[in-house]
There are 2 protein chains.
Amino acid sequence: MPVGTAGTVKALTQEMLEEAGAAIILGNTYHLYLRPGHELINRAGGLHEFISWKRAILTDSGGFQVFSLGPLRKINEEGVEFQSHIDGSSHLITPERSIEIQVALGADIIMAFDECCPYPSTHEEALRSLKLTAGWAERSRRQFDRIHSSRVEPLEATSRENRGDSFGPLMIDRNDLATVNPGQAIFGINQGSVYTDLRERSLEGLLAIGFDGYSIGGLSVGEDKEAMLRVISHIAPLMPSGRPRYLMGVGAPEDIVQAVEHGIDMFDCVMPTRNARNGQLFTRRGRLNIKNARYREDKGPIDDRCGCPVCLRYSRAYLRHLYASGEILGSVLNTIHNVRFYLDMMAEIRQAIELGTFARFRTCFLADLARGQDPD
Amino acid sequence: MPVGTAGTVKALTQEMLEEAGAAIILGNTYHLYLRPGHELINRAGGLHEFISWKRAILTDSGGFQVFSLGPLRKINEEGVEFQSHIDGSSHLITPERSIEIQVALGADIIMAFDECCPYPSTHEEALRSLKLTAGWAERSRRQFDRIHSSRVEPLEATSRENRGDSFGPLMIDRNDLATVNPGQAIFGINQGSVYTDLRERSLEGLLAIGFDGYSIGGLSVGEDKEAMLRVISHIAPLMPSGRPRYLMGVGAPEDIVQAVEHGIDMFDCVMPTRNARNGQLFTRRGRLNIKNARYREDKGPIDDRCGCPVCLRYSRAYLRHLYASGEILGSVLNTIHNVRFYLDMMAEIRQAIELGTFARFRTCFLADLARGQDPD
């Protein structure tokens, strides 16, 4: 899932995302709640309508962003009190409130509210955090059911895209917020830091509550790659195979391929978009930094094995010039390529799995990546 | 002509420009000379190749930008000495050098080197400046002919787009610069500030030299609109009707429509692109500022009479949110709309002229514009 923090996958039009093959994008509840506000988006008909995106959307719970605020937030049993990074205003997000906001935004998949346990944490700290998250997961699920069961069932509970105009929005009893997407799914989030016993305990709790999908949170927050893979390889296989398994906030292409090996189905990461804006481009032979002087007169495409519109038309030399000149077009073109690289990679992974050739794909893909583009 | 200062019409991909109907864009010689350098662009095969733009390009002479540098430049008979706004390095641009750079860039239309007379200037100052520009025009033309006649004629002097691979670049004798575009045209620039006698004198000089097209420079530099229109209405009809008449750096939609009335064929202006990035959008009912609070929940398009991809898909409310959040996509979408607005306006003007209904078009168009969108 390309990350569309504030209702836009940075530097891309929705048309570009469609052309790149994005079937689902992620929106950040924290950002959208603060600006332009979930009530405004709800009155606009929900996030799909507001940003004009007909395909799927997932919203996170806001927990991770709030956790990232550091000294600006206070966590207690009830929820998280924090100050806006935009204007310093004070807010309280509880599990109930997070779900209410996410229902108002109307994404197709929404997330239970969790505390992302910082790294490093002792076993004791991670356990305390885990208990908090377990309680919040239950409250999230309860609030989700309360809102969604209180709505009048639509005549035809078809998918959002086929719903057409016959189905009007239904009002939630609080704050005049409409349930714009009655077909929402809710995922639970597995926590427990790097401790596999806590990860198991967390998963048991989630399974007892029951969710439409299960995700792994609290990784890629500072632990080394070995620890990350150890947790994934331990906990992913224990998640229900018939439900989506979602690894949050990961990651580098090599991490994704290895996580898929352990059964992960879904990913989100800012890496393709953020790195694009910083001039780092992904290729099948590793990353390259377009600001590197060696690309000054390079007439070749970013990646000669890529079929994206940027590689078909523009040279490394031009992209380097755009980056050096601080031109918006540099961010746009770099992002088109990186997002397409990630989506192509996922398509190749799916194909390899279907063909039963994933093990070979994985070996070749990782070997190619390791060759590297830039000597420096 | 949308302005593509540094080899990019800011915030647009070349695909977007094509879709908007841009048949020609402008590149700034001053900027491209400094970064990435005309030699580099020449080695890449010229500006068309470097930026991947198959349609027409016009480059200015660099005179206006150098003039804009103020205290960073010194003008004498030989040319202009200036310091780069990027790194402070010293450069001398003469008429000969400007043409050499523009031939190396390989635009389809290039401009004689001129001094843009500041406003206000006394008649005496304007006359002195005019004499300088007249001498530079002759030296520009001579250098143009020297370079273009020294080249070996290609077997088929077809248009650039049809040239294909059979025609390789030809070397100029100096600096190993190739004449990448043997079909270049050169325009002369009319100066003379707001003094119609000087404008006439300038035009006589240009006509004596002979150019492929004639442009009016030194307007929209601080004089009032009445003075600008007085100069245009006086000098444009005196320019050869069989050659393009190009009004440089103008302007607002209402200025363009009025200049067309006096016989102007071509325009360039940063207004559609720069204003887009500042949130100002052009509509058939005047401009609107998307940051205005009244658009917070406005589900309508920028302009309900516009068929651009932005108006067909995105709401004012979303565009306002993107602007308020400082998102790149705001600049991209606003620019698509504004450029399309200008190109549609030009297409409507051409159609009205062909139909013999320009006078009525002009009246209605100006009346609509004057209605205004924003009360504030």
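We name chains A, B, ... by the order of the sequence lines, and we start the count at 1 in each one.
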If you count heavy atoms of other groups shown closer than 6.0 angstrom to CD of Glu297(A), is the number above 12?
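Above 12, so yes.
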[X] versus chain B, the contacting section by heavy-atom distance below 4.5 Å:
X         : answer
Leu322(A) : side chain
Ser331(A) : side chain
Lys10(A)  : both

Yes or no on side-chain hydrogen bond (donor to acceptor under 3.5 Å, both in side chains) for Tyr318(B) and Gln14(A), after CA distance, side-chain angles and deciding distance?
CA-CA 12 Å; Tyr318(B) 182 52; Gln14(A) 274 63 308; 3.1 Å; yes
At a heavy-atom separation under 4.5 Å, does Ile51(B) approach chain A through its side chain, its backbone, both, or neither?
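Interface part for Ile51(B): both.
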Pick one of side chain, backbone, both or neither for Arg320(B), based on which atoms fall under 4.5 Å of a heavy atom in chain A.
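Neither part; nothing is under 4.5 Å.
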Identify which of Thr5(B), Val9(B), Thr13(B) forms the greatest number of heavy-atom pairs closer than 4.5 Å to chain A.
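Ranked by contacts with chain A, first place is Thr13(B).
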Between Ala324(B), Ser315(B), Gly330(B), the one whose heavy-atom pairs under 4.5 Å with chain A are most numerous
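Looking at each of Ala324(B), Ser315(B), Gly330(B) in turn, Ala324(B) comes out on top.
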Between Phe82(A) and His91(A), how do the two ring planes meet: parallel, tilted or perpendicular, split at 30° and 60°?
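Rings of Phe82(A) and His91(A): parallel, as their planes differ by under 30°.
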side-chain contact (heavy atoms from CB on, under 4.5 Å) partner of Gln184(A), the single match among Leu105(A), Asp108(A), Val103(A)
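Among Leu105(A), Asp108(A), Val103(A), the one that satisfies the side-chain contact (heavy atoms from CB on, under 4.5 Å) with Gln184(A) is Val103(A).
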Nearest-0.5 Å distance, CD1 of residue Ile109(B) to CG of residue Leu26(B)
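The distance works out to 9.5 Å.
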Among Arg296(A), Glu15(A), His31(A), single out the residue with the greatest number of heavy-atom pairs under 4.5 Å to chain B.
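Sorted descending by pairs with chain B, the first entry is Glu15(A).
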Okay, side chain of Asp303(A), backbone of Thr283(A): is any donor-acceptor separation there less than 3.5 Å?
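Flag not set: sc Asp303(A) to bb Thr283(A) has no pair under 3.5 Å.
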